[in-house]
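Heads up: the structure comes next, in structure tokens.
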Amino acid sequence: MDTNALHIKASDFLAEGSTEQAKEIYEKILQIAPNDEAALSSLMDIYQETDRLRYYLTRANYNIVNGKLEYGITDCKKALSIDASNIEAREKLARLYKVTNKPLKAIDEFTKIIELNDLHIQSYMELIDLYTKENALESAVQIAIKADEKFKGEANFNDVLAKLYFDLGNYEEALKTVGDLSLKTKILLQAEKNEEAKSILEEMNPDSMEKEQKALYYLLYAQYNYNIAKYTDAFSLIDKYAQIMGPNALVFQMRALCYEALNDEFMAYYNFGYMNKALNKPDEALTEFSTAYSINPKNKDVLIELAKLYEANKEKYTAIDFWHKVYDLDKDEQARAILADFYLKEGDSATAEQFGAKIQKETKSNDEPYEEAEGLIDKIINLFSKKKQ
């Protein structure tokens with residue numbers, strides 16, 4: 001929605017001295033466009049003389065819009081010095097602490113909000129998130145228990161609590177509180193209550209599920225088959241999951257675990273390598289692919305991955321050694337081009353030519369200059385010949 005007309009109207013009210021009407025319009029503008037600097041600036045001017053609490057809150061918003069988060073924190077503190085029970089100021093301060101990587105201060109502020117208003121549901125969610133990120137799962141559990149008791153049936157706090165118990169390895173407590181069937185199945189499988197999990201999976205219809213839910217269904221069924229050592233079926237279900245979600249880290253991890261159970265060391269390390277690559281963990285990927293290479297030094301995919309990892313690690317000579325190994329396998333065109341370019345840049349033209357590099361050879365332009373030189377000599381000889389005559 002275009003706010004230009006509203007700005008004009010608000011300005012007209014200010015010119016008439018109708019401050020309250022102007023304020024209402026500026027507040028409306030901010031509902032439409034919360035980052036509208038002109039509206040924030042105008043409201044600051046209005047509130048500066050009429051409402052210091054709103055002035056500091058508005059100035060905090062203005063500083064946040066302009067990326068001055070520390071100034072925003074100071075403004076929130078000034079607002080709280082006027083009214084320590086103001087939820088808006090304290091919540092804004094808590095979020096600013098969170099985004100400026102001050103989690104303990106954020107926890108303190110969200111805790112104070114709940115003390116002021118124990119029905120502030122968002123603060124419970126924020127506290128659970130903060131405690132989880134700080135790896136304080138027991139504290140997160142205590143908040144989730146309070147929230148589940150306070151908001152029975154709202155925001156699925158029972159499943160949040162179940163997930164926390166699951167992460168703590170307390171499957172018994174997790175099963176007591178869980179409501180979501182997919183999460184329940186996951187907990188049962190982790191607790192190796194395989195047949196109970198299967199009975200839930202058999203009641204589900206993947207054809208009626210949305211994309212991500214269907215993918216999760218296949219993943220859970222794959223885990224069931226992994227648990228009961230039916231690895232062929234597990235691979236098939238992992239493939240179905242991958243068709244929906246793509247070859248992500250979870251796909252490679254599941255495949256690696258299956259191969260590990262089958263005592264296929266090469267394929268286990270191979271897939272763990274790709275898992276770490278997908279997780280953007282190059283050092284771990286290098287370790288896994290190196291181990292796979294030690295088992296099977298002729299696997300082309302592993303050789304290429306090692307070459308690329310060493311390139312990314314600025315170890316170009318080690319990378320070139322692996323590109324040589326790739327080329328020696330089957331005269332790979334990509335490897336040939338890389339080797340040709342490498343040796344050309346190294347000044348080794350002869351080796352570069354062996355890999356197909358086009359070398360421009362210097363040629364002497366000796367036609368016309370030679371003819372001109374030869375003609376001049378003839379003239380000199382003729383001149384001396386005439387003098388002798």
Side-chain angles (χ1 to χ4, degrees), residues 101 133 135 215 219 222 226 231-232 234-236 238-239 241-366:
N101 199 28
K133 287 177 178 175
N135 202 30
L219 190 66
Y226 169 80
Y231 302 114
T232 301
F235 280 126
S236 176
I238 293 166
D239 289 342
Y241 170 85
Q243 288 170 9
I244 299 172
M245 301 303 292
N248 59 23
L250 201 50
V251 169
F252 293 117
Q253 182 186 37
M254 286 292 291
R255 286 176 180 162
L257 291 171
C258 288
Y259 281 119
E260 200 170 51
L262 289 166
N263 295 316
D264 188 334
E265 287 189 328
F266 171 78
M267 288 303 295
Y269 285 115
Y270 177 91
N271 279 280
F272 277 132
Y274 279 109
M275 179 195 77
N276 282 297
K277 182 182 176 183
L279 292 170
N280 195 29
K281 295 181 177 180
D283 291 340
E284 290 85 344
L286 185 60
T287 299
E288 302 292 350
F289 282 124
S290 295
T291 307
Y293 168 72
S294 69
I295 298 169
N296 180 4
K298 297 294 184 182
N299 184 278
K300 186 175 179 178
D301 291 337
V302 171
L303 293 174
I304 290 173
E305 291 301 334
L306 284 169
K308 290 179 177 178
L309 284 164
Y310 279 118
E311 276 178 3
N313 209 31
K314 308 298 183 187
E315 298 180 58
K316 67 176 182 178
Y317 294 109
T318 306
I320 285 300
D321 285 343
F322 278 100
W323 282 120
H324 268 290
K325 295 176 192 298
V326 174
Y327 182 77
D328 291 343
L329 279 178
D330 59 4
K331 302 297 184 283
D332 181 88
E333 180 58 26
Q334 181 190 15
R336 183 205 63 74
I338 288 169
L339 291 167
D341 181 65
F342 170 78
Y343 285 111
L344 199 58
K345 288 176 179 176
E346 290 285 302
D348 187 347
S349 300
T351 306
E353 276 190 293
Q354 291 176 16
F355 290 105
K358 303 295 183 184
I359 310 297
Q360 285 193 342
K361 296 180 179 179
E362 292 183 8
T363 56
K364 293 182 179 179
S365 180
N366 54 10

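When a residue number appears, it is its place in the shown sequence, counting from 1.
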(Q) Can you pull out every side-chain hydrogen bond (donor to acceptor under 3.5 Å, both in side chains) where at least one residue sits in residues 326-337? Sequence neighbours excluded, please. (A)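 Found Lys300-Asp330, Lys300-Asp332, Glu333-Arg336.
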Q | Qualifying side-chain hydrogen bond (donor to acceptor under 3.5 Å, both in side chains) pairs with a residue from residues 250-266, counting only residues at least two apart or across chains | A |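 Applying side-chain hydrogen bond (donor to acceptor under 3.5 Å, both in side chains) to every pair that reaches into residues 250-266, excluding sequence neighbours, yields Asp239-Arg255.
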Which residues pass the side-chain contact (heavy atoms from CB on, under 4.5 Å) test with [X], sequence neighbours left out?
X	value
Ala249	Met275, Ala278, Leu279
Ala312	none
Thr318	Tyr310, Glu315, Phe322

Q | Any donor-acceptor N/O pair, Ser236 side chain to Thr232 backbone, under 3.5 Å | A |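 Between the backbone of Thr232 and the side chain of Ser236 there is no qualifying donor-acceptor contact (under 3.5 Å).
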Nearest 0.5 Å please: distance from the [atom1] atom of [X] over to the [atom2] atom of [Y].
X	Y	atom1	atom2	value
Phe272	Leu257	CZ	CG	4.5 Å
Leu303	Lys308	CG	NZ	12.0 Å
Glu311	Ile320	CD	CD1	6.5 Å
Leu219	Leu250	CG	CG	5.0 Å
Ile304	Trp323	CD1	CH2	5.5 Å

Side-chain donor-acceptor pairs of residues 337-345 under 3.5 Å, sequence neighbours excluded:
from	atom 1	to	atom 2	distance (Å)
Asp341	OD2	Lys345	NZ	3.1
Tyr343	OH	His324	NE2	2.7

Q | Results of ring pair (Phe, Tyr, Trp, His ring centres under 6.0 Å) for Phe289 - residues two or more places apart only | A |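 In terms of ring pair (Phe, Tyr, Trp, His ring centres under 6.0 Å), with neighbours along the sequence ignored, Phe289 is linked to Tyr274.
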Q) With side chains defined as the heavy atoms from C-beta onward, is the minimum distance between Val302 and Asn296 less than 4.5 Å? A)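 Side-chain contact under 4.5 Å: no.
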Q | Side chain proximity check, Thr291 to Ser294, heavy atoms < 4.5 angstrom | A |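 The answer is yes, as the side chains (C-beta and beyond) meet within the 4.5 Å cut-off.
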Restricting to salt bridge (charged side-chain N to carboxylate O under 4.0 Å, His left out), what partner residues turn up for [X], sequence neighbours left out?
X	value
Lys277	Glu305
Glu288	none
Asp321	none

Tell me the closest heavy-atom pair linking [X] and [Y], and the distance in Å.
X	Y	value
Val251	Ala242	CG2-CB, 3.8 Å
Leu262	Tyr231	CD2-CD1, 3.5 Å
Ala285	Asn276	N-CB, 3.6 Å
Cys258	Ala234	SG-CB, 4.0 Å

Q: Applying side chain to side chain contact (heavy atoms under 4.5 Å, CB included), run through Tyr293 and Asn299 and close with a yes or a no.
A: CA-CA 7 Å; Tyr293 168 72; Asn299 184 278; over 6 Å; no
Q: Output all residues satisfying side chain to side chain donor-acceptor pair (under 3.5 Å) with Tyr270, sequence neighbours left out; order by chain, then residue number.
A: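 Only Asp301 meet the side chain to side chain donor-acceptor pair (under 3.5 Å) criterion with Tyr270.
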